[in-house]
Amino acid sequence: MITIHDTTMFPPSLFAPDGATGTGQEHAGPAWDLSGEYPSVTSPDYTADMDRLRGLITQLDAMSKPIAEAVPRAAGLDPAKDRAVVDACQAFAGRLVEAFTLQGNLAVYANCSSSVDGSDDAAKTARGVLQTLGAGIGAAHAAFKLVMALCPDAFFEAFLSSETTAPFRFSLTQERKLKARFLPLDVEKTLSTMSPDGLSAWGSMYNNITGTVRCQVKKPDGATDTLGLAAAASMLKKPDRALREAAWRGINAAMAEHRESFASILNSISGWRYAEAGLRSHTEKVHFLDKALHQSRIGLATLNALMDALRASRELGRRALRAQARHYGVERLGPWDILAPAPARGGAGPGIAFKDGLEVVRRAYAAVDPSMGDFVSDMAKKRRIEGRVLDRKRPGAYCTEFPASRNPFVFTTYQGALSELSTLAHELGHAYHCEVMRDIPLVEADYPMTLAETASTFGEAALGDLLAKDAADPGTVFDLAWADAQDAATFLVNIPARFEFERRFYEKRPSGPVSAEGLCALTREAWEEWYGDALSDYDDYYWASKLHFHMPGVSFYNFPYSFGYLFSLGVYAKKDELGPRFHTAYVGLLRDTGRMEAEDLAAKHLGVDITKSAFWEGAIDMVRAKVERFEGLASS
Ligand SMILES: [Zn+2]
């Protein structure tokens with residue numbers, strides 16, 4: 001099962017976190033030990049670092065003055081004549097890394113603390129303060145960004161010539177690609193000044209409505225529960241089919257009630273983006289997909305190759321849904337079934353104690369390379385895994401890294417269920433990714449969402465392989481195959497349908513706002529195209545209930561999921577092909593994820609061309625084998 005998790009350093013969750021499915025406290029995981037990072041948010045160490053960060057921001061402000069003065073003539077800067085500006089930029093960059101490292105370190109600690117105890121007010125306060133300080137770094141950094149984007153190549157090379165600044169090459173070169181789209185400094189400032197109560201406000205409004213909306217869930221026993229959206233959404237993952245349908249109907253009624261507000265939000269966010277793209281199109285036309293492609297570090301040819309391969313194999317995702325339907329004893333699944341767990345088999349298994357589960361993950365990792373197995377043991381020995389069941393703990397799982405020590409930590413709640421074991425293998429994959437990048441400068445370690453799930457999905461695949469070979473219990477084999485089938489339907493059908501909806505919406509938007517009815521119709525069209533007859537009905541209000549369409553910071557926050565899933569399978573496929581040479585190639589690939597475009601990365605380390613559908617079709621062949629195995633189980 002591919003766990004799409006939420007974390008501080010990785011993107012937010014695609015689905016609501018897993019509900020607790022385990023068998024109890026006796027299997028619970030260990031406590032992590034963060035004391036090597038800070039003693040507590042109220043400790044003198046933490047407070048001293050907070051003060052040091054404030055000092056750094058004041059310095060950055062002062063240091064940005066001469067850089068801001070150079071902005072109007074940025075395009076003509078000369079490294080010889082403007083040596084003082086080169087020096088100012090180099091000094092600024094060094095201090096900037098210090099500030100980001102410290103801000104990140106404090107924020108990760110505060111976040112870890114409040115994850116374990118949601119009522120920790122000191123941690124919450126620290127998070128709020130750090131958000132403001134983070135915005136302060138952003139503001140101080142604006143002039144530097146502009147100069148770096150707009151300056152001539154010779155000036156840029158002079159800036160990169162020192163040891164501290166050399167690692168900036170990749171990330172700033174990415175920014176420089178957009179130089180023809182920059183606006184004059186005062187316009188850039190105006191846009192960012194207006195945005196909190198403009199663009200961003202629409203996202204807050206979405207969160208406010210969905211955070212307070214009440215869903216009436218008419219349960220199969222006749223009683224009606226009034227639930228918040230998150231609680232109702234978590235029922236979509238329960239084994240009771242009638243309960244799932246009731247929850248889905250309750251959610252949709254609530255979405256329909258607020259449809260005018262949600263339609264305003266989507267139209268305003270897209271309208272703002274169109275207006276901004278219009279301003280930025282002074283030299284070359286900005287397309288609505290450009291920003292998402294840039295953030296994903298892929299080109300349009302790669303996206304097209306991926307979507308073509310997905311379109312050609314959507315029947316495979318539908319087959320997975322049909323096989324799942326047979327298991328629920330129905331002709332077709334409903335839209336309330338797409339997150340359904342395997343049907344209950346009458347009594348859960350005994351559950352897997354944490355130390356036994358960890359040993360299974362260790363063996364799975366060691367089967368790839370002994371050093372990977374050692375890494376898993378080390379994470380446990382150094383107490384970098386949090387797995388307890390605690391009252392005030394937040395749900396979900398994530399991996400995070402302290403930017404100062406570069407130590408990764410895994411957060412999860414472990415109660416012995418198989419899905420939780422997969423989550424552990426997943427998060428340890430993220431941690432392994434951090435570990436192999438330990439010595440890489442932070443500015444070269446920031447990978448895009450398309451590549452972020454490579455190591456985690458790989459870890460799950462390794463676990464799945466080991467369990468499929470080892471599992472004597474047919475129930476475990478079936479649960480694994482069910483999860484594989486669900487992944488196939490999610491990544492081959494659901495995610496592409498989201499993309500197709502958003503694409504159609506953006507194509508229509510320039511002719512005026514699209515009504516709520518129009519948005520329902522567009523969703524239906526997209527679902528019809530991808531799901532076909534595999535479902536008994538479509539999810540007309542998916543455009544309203546799915547957070548991802550309403551996020552101001554990112555558009556087309558969908559295709560990176562299918563990209564990541566298939567890319568990871570492509571990497572995993574190389575394991576057998578490369579044999580003993582695989583591990584070195586794998587580590588090399590992970591180390592370059594923050595300093596290469598995806599196309600170059602894949603060519604260099606895997607020898608494949610991801611701009612061609614053939615690569616994606618090869619990965620889909622692996623999904624086909626999984627779906628066929630599930631079909632075999634489903635019919636037996
Ligand atoms: Zn992940």
Side-chain angles (χ1 to χ4, degrees), residues 1-19 29 32 108 111-112 115 237 295-297 339 357 361 364-365 368 372 375-376 379 384-387 394-402 407-414 417-437 445-464 483-484 486-488 490-491 494-495 498 547-548 551 554 557-572 586 589-591 593-594 598 601 619:
M1 175 198 280
I2 307 305
T3 309
I4 296 171
H5 61 130
D6 49 348
T7 105
T8 48
M9 59 178 304
F10 304 110
S13 65
L14 179 60
F15 302 121
D18 278 328
W32 60 15
V108 167
N111 190 51
C112 288
S115 300
K237 292 181 158 193
Q295 285 175 338
S296 298
R297 294 197 197 133
L339 301 176
V361 176
Y365 272 56
V368 181
M372 289 179 67
F375 169 74
V376 172
M379 282 290 287
R384 294 193 184 138
I385 303 172
E386 166 57 51
R394 53 153 283 183
Y398 64 80
C399 170
T400 192
E401 179 192 15
F402 283 89
N407 290 332
F409 282 79
V410 161
F411 175 92
T412 182
T413 295
Y414 186 89
L418 182 66
S419 62
E420 292 162 351
L421 190 59
S422 279
T423 302
L424 185 64
H426 178 104
E427 300 306 339
L428 283 167
H430 283 304
Y432 187 67
H433 197 166
C434 293
E435 187 67 26
V436 300
M437 287 182 128
D446 185 19
Y447 38 79
M449 198 203 152
T450 30
L451 301 173
E453 296 302 330
T454 307
S456 53
T457 310
F458 184 95
E460 283 190 66
L463 175 71
D484 284 343
Q486 198 157 63
D487 286 343
T490 299
F491 296 108
N494 180 275
I495 299 285
R498 296 186 198 194
L547 159 77
H548 292 64
M551 292 163 77
V554 273
Y557 195 176
N558 32 59
F559 70 81
Y561 285 110
S562 292
F563 180 110
Y565 170 66
L566 292 177
F567 184 75
S568 311
L569 290 180
V571 172
Y572 197 72
Y586 178 54
L589 178 140
L590 293 180
R591 284 172 62 83
T593 46
L601 183 83

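Whatever order the structure lists them in is the order used to number ligands and atoms, beginning at 1. Everything numeric in this text was worked out from a predicted model, so none of it was measured. Numbers for residues simply follow the sequence, beginning at 1.
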Of the N, O or S atoms in His426, the one nearest the Zn ion (ligand 1): NE2
Reference residue Tyr398; test side chain to side chain contact (heavy atoms under 4.5 Å, CB included); the match among Thr423, Val410, Asn111: Asn111
Metal proximity, Glu453 vs the Zn ion (ligand 1), N/O/S cut-off 2.8 Å: yes
The Zn ion (ligand 1) to nearest N/O/S of His430 less than 2.8 Å: yes
Steps toward side chain to side chain contact (heavy atoms under 4.5 Å, CB included) verdict (Ile385, Glu427): CA-CA 10 Å; Ile385 303 172; Glu427 300 306 339; over 6 Å; no
Geometric class of the Phe567/Phe563 ring pair [parallel <30°, tilted 30-60°, perpendicular >60°]: parallel
Pair Phe458 + Tyr586: ring centers closer than 6.0 Å: yes
